[in-house]
Asker: 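One structure follows; several queries about it will come next.
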Amino acid sequence: MGNLVRLDEILRSHNLKVTRSRIEVLKILQSSHKPLSHSEIMEKLDRSHSWDRVTIYRTLGEFIEKKIVKPVLSLDRATYFELLDSQSEHAHISCLECGKMECLEQDEYKFILEKSRGFEVRSTEILIKGICKECK
Ligand SMILES: [Zn+2]
Ligand SMILES: [Zn+2]
C-alpha cells in the first residue's frame with residue numbers, strides 16, 4: 001500500500017466521523033502486508049490507551065460495510081481483515097500446517113487469466129491452501 005492518502009480523508013469520504021479507534025485501525029491495516037485477525041489488531045494498538053474489544057470489532061464491521069476493509073476467511077473460517085483497494089484486489093495462500101496467510105500479488109496470476117483465458121478479474125476471493133517453505 002504505497003499510497004499517501006490521508007487516513008482522515010478515507011474516513012470522511014465514506015461519511016465516517018474521524019475517531020481515534022477508526023484512525024488507529026486504519027493505520028494498522030495500512031502498514032500490514034498480510035490480513036490481520038481481530039486479536040492481532042488488538043495487539044498492535046497503541047498501548048498507552050485502553051481499547052475496547054467491542055469498539056474495535058464494531059469499527060471493523062463499519063469498515064467492511066463501507067467497503068474500506070475486506071474480510072478474508074482463513075482455513076479455520078476465522079475472519080482476517082485487510083484494506084480493500086480495488087487497484088490491488090488479490091488472492092491469498094495459506095499453510096495447512098502453521099495456518100499463516102500471505103497475500104498473492106496480482107502479477108502472480110492475473111496475467112494468466114487475462115492472456116490465456118481472456119478473463120478480466122473484477123474481484124477476488126480465492127484462498128489457495130498448501131504447505132509453506134518453513135513447514136515443508
Ligand atoms: Zn507453514
Ligand atoms: Zn491480502
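Quick caveat: nothing in here was measured; it's all calculated off a predicted structure. Both counts, for ligands and for their atoms, begin at 1 and track the order of listing.
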Asker: Would E89 and R122 pass as an ion pair if we require N to O under 4.0 Å?
Answerer: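 No salt bridge links E89 with R122.
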Asker: Whether E24 and K27 form a salt bridge (side-chain N of Lys/Arg under 4.0 Å from carboxylate O of Asp/Glu) is what I want to check.
Answerer: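 Looking at K27 and E24, the cut-off is met.
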Asker: Between the main-chain N or O of D46 and the side-chain N or O of W51, is there a donor-acceptor pair closer than 3.5 Å?
Answerer: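 Side chain of W51 to backbone of D46: a pair is present.
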Asker: Do E108 and H90 meet the criterion of a side-chain donor-acceptor pair at a distance under 3.5 Å?
Answerer: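 Per modelled atom types, E108 and H90 side chains form no pair under 3.5 Å.
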Asker: What I want to find out is whether K110 reaches E114 closely enough, with some N-O distance under 4.0 Å, to be called a salt bridge.
Answerer: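 Here K110 pairs with E114 in a salt bridge, since their nearest N and O are under 4.0 Å apart.
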Asker: List-wise, which protein N, O or S atoms are found short of 2.8 Å from the Zn ion (ligand 1)?
Answerer: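 Those protein N, O or S atoms (cut-off: under 2.8 Å from the Zn ion (ligand 1)) are C95 SG, C98 SG, C132 SG, C135 SG.
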Asker: The Zn ion (ligand 2) is nearest to which N, O or S atom of E82?
Answerer: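 Result: OE1.
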Asker: Please identify each residue that fulfils side chain to side chain contact (heavy atoms under 4.5 Å, CB included) with Y57, with sequence neighbours left out.
Answerer: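 Result, side chain to side chain contact (heavy atoms under 4.5 Å, CB included) vs Y57: H38.
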Asker: Report, rounded to 10°, the angle at the Zn ion (ligand 2) between the two atoms NE2 (H92) and NE2 (H90).
Answerer: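 That angle is 110°.
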Asker: Is K34 paired with E40 through a side-chain N to carboxylate O contact shorter than 4.0 Å?
Answerer: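 Salt bridge present between E40 and K34.
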